Amino acid sequence: MRNSEIAAFFNALADLLEIDGANSFRVRAYRNGARTLDSTNADLTRMVEDEDNLTELDGIGKDLAEKIITIIQTGSLPQLLEMQKKIPAGVVEMLRIPGIGPKKVGTFYRDLKIESLEQLKEAAEKGELAKLKGFGKKTEETIIEGIDTLDLTNRRFYLAEAKGYADEIRNDLLKLESVKQAEVAGSCRRRKETVGDLDVLVTASDSAEAMDALAAHALVDKVIARGDTKQRVRLKNGIELDLRVVPEESYGAALVYFTGSKEHNIVLRRRAQERDLKLNEYGLFKEEKLVAGKTEEEVYQKLDLAWVPPELRESRIEFDLAEADKIPELLELEDIKGDLHMHTTASDGKASIAGMAEAAKQQGLKYIAITDHSKRVMMANGLDGKRLLKHWEEIDRVNEETKGIEILKGIECDILEDGTLDLEDEVLKQGDWVIAVLHYGLKQPRAKIMKRLMTAITNPYVHMIGHPTGRLILKRPGADIDMDEFLKACADHGTLLEINAHFSRLDLSEVHAAAAKDLGIPIVINTDAHSPEGYNVRQYGVYQARRAGLTKADVANTRSWAQMKKLMK
DNA sequence: GCCGTTTTCGGCCCGACTGTTTTCAGTCG
């Protein structure tokens with residue numbers, strides 16, 4: 001069973017307990033535990049088999065450890081089943097309505113026997129909810145509108161899309177006379193793979209001007225809430241954006257606060273408490289006196305920490321590093337010297353070899369590998385051995401004619417469902433760069449997937465596994481891989497791993513990339529471009545690498561091709 | 001339910017905004 005599936009048991013139980021009115025710290029304990037399971041690279045199924053001590057994981061005590069064992073051994077959790085009997089699934093679903101939380105949902109269920117979104121909407125329309133103590137007409141309207149727009153408001157967005165809107169609004173706010181500083185904060189600034197909503201922070205002499213401008217902005221659909229320092233709006237694409245206006249002396253503290261993550265902030269506040277200080281979005285205070293707040297650096301410094309790059313603020317590794325003043329110098333976009341995964345018109349790309357090479361040269365790259373699909377990918381016009389060898393001759397010819405960039409003969413070779421490679425070794429050995437990938441049969445059981453991956457890892461002519469899990473963010477999960485075993489095998493056989501930079505892949509994830517780094521596996525950041533515009537996703541690969549704590553040295557294609565070859569088998 | 005250089009009890013992050021209230025609970029981030 002996957003860690004995320006086990007985490008889902010705890011999150012489900014937390015929802016139910018919350019509606020049931022359980023102790024909120026107990027609820028939090030389940031959510032914290034779930035979060036640990038989601039972000040750990042440790043294979044829980046394996047740990048249970050090996051009888052490892054689960055309580056060594058953060059937020060996992062005796063009780064949760066036992067529940068994890070139960071889940072893995074039986075595939076279910078009695079306490080969850082019991083709660084599900086008590087509270088129907090439709091009740092939990094009501095939590096998805098914006099502005100409606102567990103307390104209200106609990107009241108609807110207990111006092112009015114409402115068990116589904118449909119029943120709730122009906123009750124709101126009949127005015128039955130307003131009869132309850134503490135409820136009124138506004139709440140009914142919130143519920144009706146919330147249910148009608150549920151599909152819109154519960155969406156998450158690719159970082160690429162969200163960041164585009166946030167940057168545009170930030171830049172427009174910065175043009176206002178009263179606005180001094182403006183920054184996009186939140187998960188967007190942390191460069192998370194997906195973004196639920198946007199946060200923009202400004203310092204301004206006049207908060208009304210910024211709020212009026214935002215309300216009138218072309219991207220904005222409607223204002224949801226507005227106070228003196230905070231305004232929430234919904235953009236036309238459905239994403240919601242919070243604007244916060246803070247005084248200049250609080251800008252750094254506010255930036256820390258609104259960048260998050262929530263978990264990172266909790267640790268910071270605890271550190272503040274331990275030092276008899278109080279941290280909020282207005283600054284770090286000793287009693288009533290402001291100790292730090294103008295810059296992020298001084299806030300961290302007063303908490304005995306080095307400044308933490310936003311990408312690392314997930315309460316995973318950053319506090320140990322910041323405390324020891326060992327925050328690594330993270331990878332920068334300019335460090336990347338080559339791109340080793342792309343397509344041309346030979347398979348499903350839009351541009352020629354020369355076209356891709358010219359565009360790469362414009363971006364300052366020193367080398368590229370042309371890696372069209374192999375024959376299994378029929379719909380992409382994948383190449384068989386004969387066509388590939390001809391294609392490689394053509395690449396050699398174009399390379400001869402092209403100055404200023406080296407063009408390498410590559411292939412994106414499928415690992416077939418039966419565990420063999422789509423092309424013969426006899427062909428593969430003639431190329432410069434061989435990527436092996438899973439495209440089909442991603443739903444096969446773990447053992448079968450692992451066998452396929454091992455074929456590729458141990459093949460002497462396969463240099464790298466591309467988009468290792470095959471996931472598509474917001475669309476489908478990746479293959480069920482035993483990551484520990486997979487990474488160890490790659491380390492043992494000198495097989496490199498990709499961070500595919502496309503914003504819908506970002507595969508490896510940051511957790512897996514960090515684990516690969518720990519094993520000394522060189523990471524290659526590639527765009528998988530199907531046209532020259534496709535190169536533009538490179539920055540997202542770099543963000544992902546930064547979130548994994550990767551430096552220039554950890555990434556193979558920051559080197560020259562000659563240097564990089566020394567890392568390859 | 002978790003956790004511990006004040007350890008097995010008593011804490012557990014903090015503030016803005018809304019809607020419903022006359023002082024606050026619920027929700028959200």
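Computed from a prediction, not measured in an experiment: that's the story for all the values here. A note on names: the letters A, B, ... follow the listed sequences, proteins ahead of strands, and every chain is numbered from 1.
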A.B. asks: Who is the Watson-Crick or G-U wobble partner of B:dC12, with both distances under 3.5 Å?
C.D. replies: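 B:dG1 - that is the nucleotide pairing with B:dC12, both distances being under 3.5 Å.
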
A.B. asks: Return the set of residues passing side chain to side chain donor-acceptor pair (under 3.5 Å) with A:Glu140 (not counting sequence neighbours), or none when no residue passes.
C.D. replies: none

A.B. asks: Can you identify which nucleotide, out of B:dC12, B:dG1, B:dT27, has its nearest atom closest to the A:Tyr30 side chain?
C.D. replies: B:dG1

A.B. asks: As a test of reading the structure: which of B:dG1, B:dC14, B:dT27 is closest to the side chain of A:Asn280, going by heavy atoms?
C.D. replies: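 The answer is B:dC14.
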
A.B. asks: Can you check whether any acceptor in the base of B:dG29 is under 3.5 Å from a donor in the side chain of A:Tyr257, or vice versa?
C.D. replies: yes

A.B. asks: Between N or O atoms, less than 3.5 Å apart, protein on one side and nucleotides 17-19 of chain B on the other: list the pairs.
C.D. replies:
residue	atom	partner	partner atom	Å
B:dC17	OP1	A:Asp228	N	3.3
B:dC17	OP1	A:Thr229	N	3.1
B:dC17	OP1	A:Thr229	OG1	3.3
B:dC17	OP1	A:Lys230	N	2.8
B:dT18	OP1	A:Arg226	N	2.9
B:dT18	OP1	A:Arg226	O	3.4
B:dG19	O3'	A:Thr139	OG1	3.3

A.B. asks: Partners of A:Ser504 by side-chain contact (heavy atoms from CB on, under 4.5 Å), sequence neighbours excluded?
C.D. replies: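 Partners of A:Ser504 under the side-chain contact (heavy atoms from CB on, under 4.5 Å) test: A:Tyr158, A:Leu472, A:His502.
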
A.B. asks: Protein within reach of the bases, or only the backbone? For nucleotides 6-11 of chain B, mark each nucleotide 5' to 3' as B, S or -, using heavy atoms under 4.0 Å.
C.D. replies: ------

A.B. asks: For A:Tyr257, check ring pair (Phe, Tyr, Trp, His ring centres under 6.0 Å) against everything at least two apart and list the hits.
C.D. replies: none

A.B. asks: Can you tell me which nucleotide in B:dC12, B:dG29, B:dC14 comes closest to the side chain of A:Lys278?
C.D. replies: B:dC14

A.B. asks: Under the rule for side-chain contact (heavy atoms from CB on, under 4.5 Å), what residues qualify as partners of A:Leu506, not counting sequence neighbours?
C.D. replies: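 side-chain contact (heavy atoms from CB on, under 4.5 Å) check on A:Leu506 returns A:Glu193, A:Arg471, A:Ile473, A:Tyr540, A:Gln544.
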
A.B. asks: For the side chain of A:Asp63, starting at C-beta, report the closest nucleotide among B:dG15, B:dT27, B:dG1.
C.D. replies: B:dG1

